[in-house]
Amino acid sequence: QVQLVESGGGLVQAGGSLRLSCTASGSILGIGSVAWYRQPAGNERELVAVISSGGSSDYQDSVKGRFTISRNNAMTTVYLQMNSLEPKDTAVYYCKADLVKSERYGYYYGLWGQGTQVTVSS
C-alpha cells in the first residue's frame with residue numbers, strides 16, 4: 001500500500017513554531033508536486049503551500065514569510081516549517097501528492113494523507 005503520513009502537529013502558543021512532515025511510503029520510486037492544505041474546523045480545505053518535483057514553491061498569501069515548504073532529496077518527505085504561528089493557523093493540515101510512483105503498487109494520483117492537527121493558542 002502507498003500512503004502519505006503527516007506528523008508534527010500539536011499545540012503551540014502564538015508566535016511559536018512547528019515543523020510538519022509528510023512522508024510517502026510503499027516502495028516509492030518517484031513523487032510529483034506535493035501540497036500542504038489545511039482545514040479549519042467547520043470550514044473547507046484550503047491550499048497552504050506547494051512544492052514541485054523540481055523544488056519550486058508557492059504559498060498562500062496569509063502564510064508568506066512565515067511558512068516554508070521543503071523536501072528531502074528523494075522527495076519522499078516534504079516538510080512545512082511554520083513560524084510565527086497565529087491562532088488563525090489552527091486547522092487540520094493535510095499533504096497531497098499529485099503523483100506517486102511505486103515500484104510495487106504502480107501510480108497513485110491525487111494521494112492524500114490523513115491529516116495532523118495544529119492548534120495555536122492565543
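We use all heavy atoms of the structure for the numbers below, so side chains are in, but hydrogens, waters and symmetry mates are not. Numbering starts at 1 and runs along the sequence shown.
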Problem set entry | Heavy-atom closest contact (Val2 atom, Ser102 atom, distance) | CG2-CB, 3.4 Å
For this session: Identify the heavy atoms of Leu47 and Ala35 that sit nearest to each other, and give their distance.
Result: CD1-CB, 3.6 Å
Problem set entry | Closest approach of Ala91 to Gln117 (non-hydrogen atoms, all atoms of both residues) | O-NE2, 3.4 Å
Exercise. Any side-chain donor paired with an acceptor under 3.5 Å for Thr77 and Thr23?
Worked result: yes
Exercise. Which of these, Lys96, Gln60, Glu44, Glu46, sits in a side chain to side chain contact (heavy atoms under 4.5 Å, CB included) with Tyr37?
Worked result: Lys96
Exercise. Taking only residues two or more places apart in sequence or in another chain, which ones pass ring pair (Phe, Tyr, Trp, His ring centres under 6.0 Å) with Phe67?
Worked result: none
Exercise. Say you draw a straight line from OH of Tyr94 to OG1 of Thr116; how long is it, rounded to the nearest 0.5 Å?
Worked result: 10.0 Å
For this session: State whether the side chain of Ser33 and the backbone N or O of Asp98 hold a donor-acceptor pair below 3.5 Å, judged by distance alone.
Result: no
For this session: Quick one: pull up CG in Leu111 and CG in Leu99 and give me the separation to the nearest 0.5 Å.
Result: 10.0 Å
Problem set entry | Backbone N/O of Leu20 and side chain of Glu6: donor-acceptor pair under 3.5 Å | no
Seminar exercise, completed: dist Arg104:CZ -> Leu29:CG (nearest 0.5 Å) comes out at 12.5 Å
Exercise. Is a side-chain N or O of Arg71 found less than 3.5 angstrom from the main chain of Ser53, in a donor-acceptor match?
Worked result: yes
For this session: Quick one: do Tyr105 and Val100 satisfy side chain to side chain contact (heavy atoms under 4.5 Å, CB included)? Show the steps, please.
Result: CA-CA 10 Å; Tyr105 301 104; Val100 179; over 6 Å; no
Problem set entry | From CD (Gln3) to OH (Tyr108), nearest 0.5 Å | 9.5 Å
Seminar exercise, completed: Scanning both residues in full, the closest heavy-atom pair of Leu85 with Val12 reads CD1-CG1, 3.5 Å
For this session: Of all the heavy-atom pairs spanning Asp89 and Arg38, show the shortest one and how long it is.
Result: OD1-NH1, 2.9 Å
Problem set entry | Contact summary for Leu80 and Ala49, nearest pair of heavy atoms | CD1-CB, 4.2 Å
Exercise. Does the pair Trp36 and Met82 meet the rule for a side chain to side chain contact (heavy atoms under 4.5 Å, CB included), with working shown?
Worked result: CA-CA 12 Å; Trp36 283 99; Met82 305 186 295; over 6 Å; no
For this session: Any side-chain hydrogen bond (donor to acceptor under 3.5 Å, both in side chains) involving residues 9-21? Give me the pairs, sequence neighbours left out, ordered by first then second residue.
Result: Ser17-Asn83
Seminar exercise, completed: Distance col, row Ser27:OG vs Lys101:NZ, nearest 0.5 angstrom, shows 12.5 Å
For this session: Report yes if the side chains of Ile31 and Thr76 come closer than 4.5 Å at any heavy-atom pair, otherwise no.
Result: no
Exercise. Would you say Tyr59's side chain and Ile69's backbone share a donor-acceptor pair under 3.5 angstrom?
Worked result: yes
